[in-house]
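Residue numbers begin at 1 in each chain, while the letters A, B, ... track the order of the sequences. The analysis underlying the following values was restricted to heavy atoms, covering all of them including side chains, and did not include hydrogens, waters or symmetry mates.
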Amino acid sequence: MGEVNLTLKDGSTISIEQGKTVYDAAYSIGAGLAKAALAGSIDGNMVDLNHKISEDANITIITDRSDEALDILRHSTAHLMAQAVKELYPDAKLAIGPTIENGFYYDFDIRKPFSPEDFDKIEKKMKQLMKEDIPLVREDISSDEAIRLFKELGEPYKVELITDLGEDTVSIYRQGGFVDLCRGPHISSTGRLKVFKLISNAGAYWRGDEKNKMLQRIYGTAFFKKKELGDYLYKLEEAKKRYHRKLGRELDLFSISDEAGAGLVIYHPKGAMLRHLIEDFEKKEHLKRGYDLVVGPQLLKVDMWKQSGHFDNYRENMYFTEIDEQLYGIKPMNCLAHMLIYKSKIRSYRDLPKRYFELGTVHRHERTGVLHGLMRVRGFTQDDAHILCTPEQLLDEINGVIDFVGYVMDIFGFEYEMELSTRPEKSIGSDEDWERATAALKQALDDTGKNYDINEADGAFYGPKIDIKLKDCLDRKWQCATIQCDFTLPDRFDLTYVASDGEKHRPVMLHRVILGSIERFIGVLTEHYAGAFPTWLAPVQAIVLTVSEKYDSYANQVYNMLLDAGIRVEIDTRNEKLGYKIREAQMMKMPYMLVIGEKEQTGGGVSPRKRNGEHLNLMSVDETIEIIMHDIKNRR
RNA sequence: GCCGGCGUAGCUCAGCUGGUAGAGCAACUGAUUCGUAAUCAGUAGGUCAGCGGUUCAACUCCGCUCGUCGGCUCCA
């Protein structure tokens, strides 16, 4: 046996006997490292500790401090859980068990769904298996052999996976009597899995297809240290305090009432004010960018929905109503009226682009299980626009929208992710159209210099799109802005413009929203600010608080001065102690509390207290107004 | 739509294995006139989500419906 040379991350090299393992390599660097080692990486490929090294390579030892370590730990914990489940419920069939952002899950086909009481049993079993310190052993075997093995074990899902992989060989991992198909790598034995917790269970379709059988999924998480798990669970608890429905009730912004119907939002005065402020902001920003404000009707005759294709493709999601023996569809999208506006005149290339903007309220019949607070509702208002332009103008228009999104998200302080979705299997339009539009979207994304993901085959059936997603308090992503190319509508409605050649041409259409749905945006925004809206957006910007009734008259003067200055102000002259009033205003997350007592009355001013607890000294009312106006002007 | 959890006063929650409801806060009334996150006392408030079933008896058990939460699928 010869020696092999291994190059470490820092560029130094070591040599070990050929056929020795990654663990041996780690040991030769240091006993401490060997002890901490979880796995290794050979020329960029992740491998187990007992992987035998056969030739010269670059090697990295993965310890719990490596970025990949948590993934390995969680993946192994998923196996541990699966082993526990199989021992407790031998009938359960294994499906898949990957790691996800904050943990892992494993899907099982099992007659009786899991309930939270089962979690204790499973966790207990996992702890027991952990104590047994069972080694996880990798084996590379031929696919045929693997299929035979899993057939014997009665694991049809694994057989299906291996068959679909179509590889000559696959790797399996054994831990005691438990066997799983897995790419690896894994930690070397179950004894190293100490900190884990099962979080929730849920149904999940096999391979994500609702035509397939529903499997039972258990979500869990794992960490290296108990404290990390504790921190994670604490973070989840804290996040729940920012949940927009809770804040919506506490701040009296909105409600969703059983009586009115699921998924229908009722805005209370403060929520309606917030919405008004956002809409007002949007109208101004759109006008600045050459959009025209338009308004379409709430329902249109069914013939129009047939012409647009909605009746064929979107009927399940639409509400209909019959009046005078005429069927009408309540709009689920705003595009139709915009088509009619375009068609109301002959358009020249000189008129283009046309940008029609509408704060359009739409209704969609969403399936009951998908409704979710303000994030997913049945009636919502989009900041919708349809841009009709020549093919040559397309790129500029897309760039304009992306800039617009960036500008707006910056004002609200959002980080966002962008995704490009390309042509799906079921789609219409010519290859050239798709290519040109996809290229334009991609070009525009590249021009931003920002990262973006590509979702292959995830575009709309009528065109490719860019989606922009924001995160909620639990880091779940919600699509807000979207920019979609549409090849069907200009065609179906026979939209044309006269080009310089005097001939009629088909315009290109862009469908886009910036905030998406105002409802969803308010939901995300509420969680983003934890309800403490910046002064320019706060439904109530300041509240005048009196120390006692003796100062009511002066306090009312101050209140009127702020009102005259255009500040959204309230006054609290109730017969309560100052501390009580402060507490209440604080819980309502009001940006400015203006205290008025003896000192202020004689001095002719106010003592402002800011939401963050900061006291400002006695100052004149004018000065206070100036400070608040400064916040508003700077959108703080 | 599917899988699982939950649904008790406006809010947060008690209510053991069935014997027909309780607290704190909020609300209302009264007293207190009070300086930066809760003054004290009293009063009122619930067809226990709805409907049906089992039972002498159901908030407690069963079924269905509605709503909601966590997921899956779908989507702004």
K.L.:
Considering Watson-Crick and G-U wobble pairs with both distances under 3.5 Å, what does B:A27 pair with?
P.N.:
B:U43
K.L.:
Using the P atom in both, what is the distance from B:G10 to B:A37, to the nearest Å?
P.N.:
31 Å
K.L.:
Could you encode protein contacts along nucleotides 43-48 of chain B as a string, one character per nucleotide from 5' to 3', using B for base contact, S for sugar-phosphate-only contact and - for no contact, with a heavy-atom cut-off of under 4.0 Å?
P.N.:
------
K.L.:
Expressed as a whole number of angstroms, how long is the span from A:M590:CE to B:A37:P?
P.N.:
16 Å
K.L.:
Nearest whole angstrom, please: distance from the C1' of B:A37 to the CZ of A:R583.
P.N.:
6 Å
K.L.:
Between A:H268 and A:F254 (judged by ring centroids, cut-off 6.0 Å), do the two rings come close enough to count as a pair?
P.N.:
no
K.L.:
Walk along nucleotides 8-13 of chain B from 5' to 3' and tag each nucleotide B, S or - by protein heavy-atom contact under 4.0 Å, base first, then sugar-phosphate.
P.N.:
---SS-
K.L.:
How far, in whole Å, is B:C59 from B:G22 if one measures between their C1' atoms?
P.N.:
13 Å
K.L.:
Given the P atoms of B:A23 and B:A38, what is the spacing between them in whole Å?
P.N.:
25 Å
K.L.:
Counting side-chain heavy atoms from CB outward, which of B:U33, B:U68, B:C3 is closest to A:P113?
P.N.:
B:C3
K.L.:
Base, sugar-phosphate, or nothing for A:G597, non-hydrogen atoms under 4.0 angstrom?
P.N.:
base
K.L.:
State the pairing partner of B:C48; accept Watson-Crick or G-U wobble contacts with both distances under 3.5 Å, and report none otherwise.
P.N.:
none
K.L.:
How do A:E576 and A:S548 order along RNA chain B: which one's closest nucleotide is nearer the 5' end?
P.N.:
A:S548
K.L.:
Please list, chain by chain and in numerical order, all residues satisfying side-chain contact (heavy atoms from CB on, under 4.5 Å) with A:A272, sequence neighbours excluded.
P.N.:
A:Y267
K.L.:
Can A:R217 and A:D107 be counted as an ion pair, charged N to O under 4.0 angstrom?
P.N.:
yes
K.L.:
What integer number of Å spans the P atoms of B:G4 and B:C64?
P.N.:
11 Å
K.L.:
Give one of base, sugar-phosphate or nothing for A:G373, where a contact means two heavy atoms less than 4.0 Å apart.
P.N.:
sugar-phosphate
K.L.:
Mind checking the P distance from B:U54 to B:U73? Whole angstroms is fine.
P.N.:
42 Å
K.L.:
Does the structure show a Watson-Crick or G-U wobble partner for B:A9, both distances under 3.5 Å? Name it, or say none.
P.N.:
none
K.L.:
For A:E238, is there an ion pair with A:K235 - N to carboxylate O distance below 4.0 angstrom?
P.N.:
no
K.L.:
At 4.0 Å (heavy atoms only), tell me whether A:Q586 reaches a base, stays on the sugar-phosphate, or touches nothing.
P.N.:
base
K.L.:
Identify the nucleotide, in any strand shown, that forms a Watson-Crick or G-U wobble pair with B:C74, with both distances under 3.5 Å; if there is none, say none.
P.N.:
none
K.L.:
List, one per line, each side-chain donor-acceptor pair under 3.5 Å for residues 520-528 of chain A, sequence neighbours excluded.
P.N.:
{"residue": "A:R520", "atom": "NE", "partner": "A:M375", "partner atom": "O", "Å": "2.8"}
{"residue": "A:R520", "atom": "NH1", "partner": "A:Q479", "partner atom": "O", "Å": "2.6"}
{"residue": "A:R520", "atom": "NH2", "partner": "A:M375", "partner atom": "O", "Å": "3.0"}
{"residue": "A:T526", "atom": "OG1", "partner": "A:I522", "partner atom": "O", "Å": "2.6"}
{"residue": "A:E527", "atom": "OE1", "partner": "A:C473", "partner atom": "N", "Å": "2.7"}
{"residue": "A:E527", "atom": "OE2", "partner": "A:H244", "partner atom": "N", "Å": "2.9"}
{"residue": "A:E527", "atom": "OE2", "partner": "A:H244", "partner atom": "ND1", "Å": "2.8"}
{"residue": "A:H528", "atom": "NE2", "partner": "A:F412", "partner atom": "O", "Å": "2.9"}
{"residue": "A:H528", "atom": "NE2", "partner": "A:G413", "partner atom": "O", "Å": "3.3"}

K.L.:
Between A:E279 and A:R275, does at least one N-O distance fall below 4.0 Å, as a salt bridge requires?
P.N.:
yes
K.L.:
Rounded to whole angstrom units, what separation is found between the CZ atom of A:R574 and the P atom of B:A27?
P.N.:
6 Å
K.L.:
Using atom C1' of each nucleotide, how far apart are B:G46 and B:A9 to the nearest Å?
P.N.:
5 Å
K.L.:
What string of B, S and - do you get for nucleotides 70-76 of chain B, 5' to 3', when a contact is any protein heavy atom under 4.0 Å?
P.N.:
BBBBBBB
K.L.:
Could you tell me the Watson-Crick or G-U partner of B:U17, where both distances fall under 3.5 Å? Say none if there is no partner.
P.N.:
none
K.L.:
Centroid-to-centroid, A:H511 to A:Y462, below 6.0 Å?
P.N.:
no
K.L.:
Is the distance from the ring center of A:Y219 to that of A:Y105 below 6.0 Å?
P.N.:
yes
K.L.:
Would you classify A:E316 as touching base, sugar-phosphate or nothing, given that sugar-phosphate means primed atoms plus P, OP1 and OP2, and contacts are heavy atoms under 4.0 Å?
P.N.:
nothing
K.L.:
Indicate, with a heavy-atom threshold strictly under 4.0 Å, whether A:K581 touches base, sugar-phosphate, or nothing.
P.N.:
nothing
K.L.:
Aromatic contact between A:Y89 and A:F108, with the criterion being ring centroids under 6.0 Å apart: yes or no?
P.N.:
no
K.L.:
Mind checking A:E584 for me? I need base, sugar-phosphate or nothing, with any heavy atom below 4.0 Å counting as a touch.
P.N.:
nothing
K.L.:
Round to a whole Å and report the spacing from CD of A:Q601 to P of B:C34.
P.N.:
13 Å
K.L.:
When the ring centroid of A:Y234 is compared with that of A:Y232, is the distance short of 6.0 Å?
P.N.:
no
K.L.:
Name every donor-acceptor pair, under 3.5 Å, that has one atom in a side chain of residues 585-593 of chain A and the other anywhere in the protein, sequence neighbours excluded.
P.N.:
{"residue": "A:Q586", "atom": "OE1", "partner": "A:R609", "partner atom": "NH1", "Å": "2.6"}
{"residue": "A:Q586", "atom": "NE2", "partner": "A:R611", "partner atom": "O", "Å": "2.5"}
{"residue": "A:K589", "atom": "NZ", "partner": "A:A530", "partner atom": "O", "Å": "3.4"}
{"residue": "A:Y592", "atom": "OH", "partner": "A:D631", "partner atom": "OD2", "Å": "2.7"}

K.L.:
Rounded to whole Å, please give me the gap between CD in A:E250 and C1' in B:A26.
P.N.:
13 Å
K.L.:
Which base sits across from B:A37 as a Watson-Crick or G-U pair, both distances under 3.5 Å?
P.N.:
none
K.L.:
Say you pick atom C1' in B:U8 and the same atom in B:G24; how far apart are they, in whole Å?
P.N.:
15 Å
K.L.:
Let me know the distance between CZ of A:R245 and P of B:G7, rounded to the nearest Å.
P.N.:
16 Å
K.L.:
Does a nitrogen or oxygen in the side chain of A:T368 sit under 4.0 Å from OP1 or OP2 of B:G1?
P.N.:
yes
K.L.:
Rounding to an integer number of angstrom, what distance separates B:U60 and B:G19 when you compare their P atoms?
P.N.:
11 Å
K.L.:
Within this structure, what is the NZ-to-C1' distance between A:K550 and B:G35, rounded to whole angstrom?
P.N.:
11 Å
K.L.:
Find the distance A:I218:CD1 to B:C3:P and express it as a whole number of Å.
P.N.:
17 Å
K.L.:
Assess the pair A:F196 and A:F223: is the distance between their ring centroids shorter than 6.0 Å?
P.N.:
no
K.L.:
Would you kindly compare A:I582 and A:A262 by the position of their nearest RNA chain B nucleotide and give the one closer to the 5′ end?
P.N.:
A:I582
K.L.:
Using every non-hydrogen atom in the two residues, find where A:P332 and A:R364 come nearest and quote the distance to one decimal.
P.N.:
O-NE, 2.9 Å
K.L.:
Are side-chain N/O atoms of A:Y416 and A:K450 paired as donor and acceptor at under 3.5 Å?
P.N.:
yes
K.L.:
Is the backbone N or O of A:A538 less than 3.5 Å from a side-chain atom of A:R568, with the two atoms forming a donor-acceptor pair by type?
P.N.:
yes
